[in-house]
Amino acid sequence: MKRDFERFIKGTCIDVSHEGKGVVKSNGEIIFCDGLFIGETADIEILYRRAGVLFGKVKKLYNLSNKRIQPKCKICSSCGGCQYQQLKYEEQLVIKTKRVKEALERIGHIKTNVNPCLGMEDPYYYRNKIQMPYGKDRKGNVFYGFYRQNTHEIIPVKECVIEDKRASSILWDIKELVKKHNIPVYNEDSRQGILRYVLVRTSYHFDELMIVLVVAKLNFPGQRNFIDALVKLHPEITTIVANENSRSTNVILGNKEKVLYGKGVIKDSILGCTFEISASSFYQVNPIQVEVLYQKALDLIDISNNEIVLDAYSGVGTIGMIASKNAKEVISVEINESSHRNAKENAKRNNIKNIEFYLDDAGKFIQNYNGKIDVVIMDPPRKGSDHKFLSAVMSRKIKKVIYISCDPETLARDLKELSQMYDVTYVQPVDMFPMTAHVETIGLLCLKDSKK
């Protein structure tokens with residue numbers, strides 16, 4: 001097939017996309033390019049066209065931005081996990097604030113003040129969940145790393161500068177022990193082998209650390225000796241879990257698990273509430289910024305002890321349990337059975353009595369619930385909420401809504417619908433994922449006739 005574009009162009013970056021790619025316009029075409037920042041000019045190799053847009057990579061840079069820095073990570077240009085390693089942190093926060101504001105205006109047609117994104121004092125080594133695929137090179141050497149963007153090619157890495165420092169030496173020693181104990185690494189093409197991924201989950205507030213071995217079979221030769229050797233090398237490990245995933249899929253975890261060492265869970269806390277974390281639990285990956293996020297959300301909504309709060313899309317019940325300290329009652333709704341079960345256990349662990357848990361779709365629940373609701377806290381998945389839930393919130397004329405979003409574009413779409421009856425009175429981006437293009441946002445909405 002004949003290429004419908006020039007293979008090489010020279011262009012200047014005029015913007016940054018919501019995925020963190022530099023935006024270049026040339027001969028009427030839009031080109032997205034990793035590692036290119038506003039004002040920089042580059043020779044660009046065009047790789048492919050998708051959805052009418054060209055994608056390329058930098059071959060040579062000119063007139064570098066004064067916001068550019070030397071990255072801590074040597075492979076950030078090829079890994080694809082971090083879009084902003086080469087950009088001053090202050091500028092990352094400016095870009096994220098701008099992204100939220102532009103999404104609200106472009107998609108939601110909402111013009112409101114967007115507060116500067118709340119960043120971290122130290123934006124490195126924050127992630128409490130690390131997951132690495134393991135592989136073998138052509139010489140049979142075991143290695144681990146990250147998948148190159150949009151591929152299944154593993155780029156070897158010894159340290160990731162946004163992940164908990166404790167993980168690096170453990171991942172390295174697992175590589176050495178795999179060789180020593182003759183545990184075959186899984187091959188995706190032949191579908192042969194045992195070890196596929198290693199997950200490390202760390203606690204910020206407690207000295208607890210979990211290893212999850214994602215394997216093709218729960219029981220494999222040499223397992224006991226391998227576990228004993230790993231714990232001897234790293235006594236800081238408090239539990240090890242085997243997770244079986246024999247499927248040909250991009251999903252990392254399977255459905256079967258076996259505890260090989262310890263309790264099978266670790267615990268951590270957020271704003272004074274303690275939560276147990278299992279191998280498959282959803283738990284915010286930035287333990288420092290999650291407290292900033294939740295405290296800001298709760299300060300904004302200012303719950304009183306006579307108010308009933310609906311915690312929609314509640315997951316394992318984190319923010320609802322924290323909110324229960326000030327509320328009369330919290331109603332927690334979650335559709336995932338495992339998360340629902342964990343939430344109930346967490347409430348018992350924290351001795352919280354004024355919270356009720358419902359296993360249900362949030363939209364279906366609020367439409368059928370006949371009780372009083374004064375305040376809604378909603379933290380939906382990346383795809384956002386839906387018309388069923390949003391229309392039910394409006395029809396009930398709930399006076400205050402706090403919307404926590406991990407995607408500015410779906411947030412803007414949903415706020416556009418809610419703005420029929422609500423004023424968007426406060427918007428606060430929070431940087432939960434430094435060095436990446438992701439940004440979390442809090443939106444406070446007040447019923448128009450009850451705005452304070």
Side-chain angles (χ1 to χ4, degrees), residues 18 96 99-100 103-104 107-108 110 114 270 275 280-286 289-290 293-294 296-298 300-301 303 309-323 330-340 342-343 355 357-369 373-396 398 400-422 424-433 437-447:
H18 68 267
K96 293 183 183 191
R99 177 185 170 190
V100 173
L104 291 177
I107 300 169
I110 297 167
V114 175
I270 303 173
F275 302 94
S280 57
S281 291
F282 170 79
Y283 193 75
Q284 293 280 6
V285 299
N286 190 326
Q289 288 295 87
V290 70
L293 178 80
Y294 284 177
K296 186 65 178 180
L298 294 172
L300 286 173
I301 209 161
I303 300 162
V309 178
L310 172 64
D311 178 17
Y313 313 95
S314 63
V316 297
T318 47
I319 195 167
M321 288 182 216
I322 298 164
V330 173
I331 303 157
S332 178
V333 182
E334 170 58 43
I335 197 169
N336 180 276
E337 189 171 352
S338 175
S339 295
H340 169 74
N342 288 341
I355 189 165
F357 297 95
Y358 294 88
L359 180 63
D360 205 346
D361 171 74
K364 181 181 174 184
F365 175 85
I366 195 172
Q367 285 182 331
N368 296 327
Y369 184 71
I373 300 173
D374 299 300
V375 175
V376 168
I377 300 172
M378 53 187 296
D379 188 356
R382 188 168 298 278
K383 66 180 181 180
S385 188
D386 55 28
H387 174 72
K388 182 168 55 176
F389 181 83
L390 300 176
S391 62
V393 168
M394 289 188 288
S395 67
R396 295 178 68 107
I398 295 167
K400 291 185 290 186
V401 177
I402 203 87
Y403 193 134
I404 300 173
S405 168
C406 60
D407 187 285
E409 286 69 37
T410 56
L411 170 69
R413 180 202 67 204
D414 292 348
L415 293 194
K416 180 181 180 181
E417 184 167 353
L418 287 170
S419 65
Q420 298 170 58
M421 292 188 65
Y422 288 87
V424 181
T425 61
Y426 202 97
V427 179
Q428 180 63 68
V430 179
D431 192 18
M432 296 285 286
F433 312 100
H438 301 295
V439 60
E440 203 92 2
T441 310
I442 306 165
L444 174 64
L445 298 93
C446 296
L447 197 64

Please enumerate all residues that pass ring pair (Phe, Tyr, Trp, His ring centres under 6.0 Å) together with His438, with sequence neighbours excluded.
Phe433
Roughly how far, to the nearest 0.5 Å, is SG of Cys406 from NZ of Lys383?
12.0 Å
What distance do Ile270 atom CD1 and Thr318 atom OG1 have between them, rounded to the nearest 0.5 Å?
5.0 Å
Please enumerate all residues that pass ring pair (Phe, Tyr, Trp, His ring centres under 6.0 Å) together with Tyr358, with sequence neighbours excluded.
Phe365
Is there side-chain contact between Glu334 and Phe357, with heavy atoms separated by less than 4.5 Å?
no
Is there a donor-acceptor pair under 3.5 Å between the side chain of Ser314 and the backbone N or O of Ser332?
no
Hey, are the side chains of Gln289 and Tyr294 touching, using non-hydrogen atoms and a 4.5 Å cut-off?
no
Side chains of Ser385 and Tyr313: do they bring a donor and an acceptor to under 3.5 Å?
yes
Taking every non-hydrogen atom, the tightest pair across Ile442 and Ala297:
CD1-N, 3.8 Å
Worked verdict on Arg99 versus Glu409 for side chain to side chain contact (heavy atoms under 4.5 Å, CB included)
CA-CA 9 Å; Arg99 177 185 170 190; Glu409 286 69 37; 2.7 Å; yes
Quick one: do Val427 and Leu104 satisfy side chain to side chain contact (heavy atoms under 4.5 Å, CB included)? Show the steps, please.
CA-CA 10 Å; Val427 179; Leu104 291 177; 4.0 Å; yes
Do other residues, nucleotides or ligands put more than 12 heavy atoms under 6.0 Å from the CD atom of Gln420?
yes
Asn286 side chain to Met432 backbone, donor-acceptor under 3.5 Å:
yes
Do the charged groups of Lys96 and Asp431 touch, with an N to O distance under 4.0 Å?
yes
The residue among Thr425, Val376, Ile402, Val401 that forms side-chain contact (heavy atoms from CB on, under 4.5 Å) with Leu445 is Val401
Which heavy-atom pair separates Leu293 from Glu440 by the least distance, and what is that distance?
CD1-CG, 3.7 Å
Backbone of Val290 reached by a side-chain donor or acceptor of Gln284 within 3.5 Å:
no
Which residue pairs pass the side-chain hydrogen bond (donor to acceptor under 3.5 Å, both in side chains) test with at least one member in residues 360-369, sequence neighbours excluded?
Asp361-Lys388
Nearest heavy atoms of Gly317 and Ala343, plus distance in Å:
N-CB, 4.0 Å
I'd like to check Asp311 versus Ile331 (side-chain heavy atoms, cut-off strictly below 4.5 Å). Are they in contact?
no
Please report the shortest heavy-atom distance between Val330 and Ala323, naming the atom on each side.
CG2-C, 4.4 Å
Can you tell me how far the CD atom of Glu417 sits from the OH atom of Tyr422, to the nearest 0.5 Å?
11.5 Å
Non-hydrogen side-chain atoms of Leu418 and Met394 separated by less than 4.5 Å:
yes
May I have the step-by-step check of side chain to side chain contact (heavy atoms under 4.5 Å, CB included) for Val430 and Thr441, ending in yes or no?
CA-CA 6 Å; Val430 179; Thr441 310; over 6 Å; no
Of all heavy-atom pairs linking Ala412 and Ile107, the shortest is CB-CB, 3.8 Å
Rounded to the nearest 0.5 Å, what separation is found between the OG atom of Ser395 and the CG atom of Leu390?
11.0 Å
Measure the spacing between CG of Leu444 and NZ of Lys296 and express it to the nearest 0.5 Å.
10.0 Å
Main-chain N/O of Ile301 paired to Lys400 side chain as donor or acceptor, under 3.5 Å:
yes
Main-chain N/O of Gly108 paired with Arg413 side-chain donor or acceptor, under 3.5 Å
no
Could you go through Leu298 and Ile303, starting from their C-alpha distance and side-chain angles, then the distance that decides it, and tell me whether this counts as side chain to side chain contact (heavy atoms under 4.5 Å, CB included)?
CA-CA 7 Å; Leu298 294 172; Ile303 300 162; 4.1 Å; yes
Can you check whether Asp407's main-chain N or O pairs, donor with acceptor, with Thr410's side chain at less than 3.5 Å?
yes
Could you tell me which non-hydrogen atom of Val316 sits nearest to which non-hydrogen atom of Asn342, and how far apart they are?
CG1-CB, 3.8 Å
Are Val424 and Tyr403 side-chain neighbours, meaning at least one heavy-atom pair lies under 4.5 Å?
no
Any Ile366 side-chain heavy atom under 4.5 Å of Arg396 side chain
yes
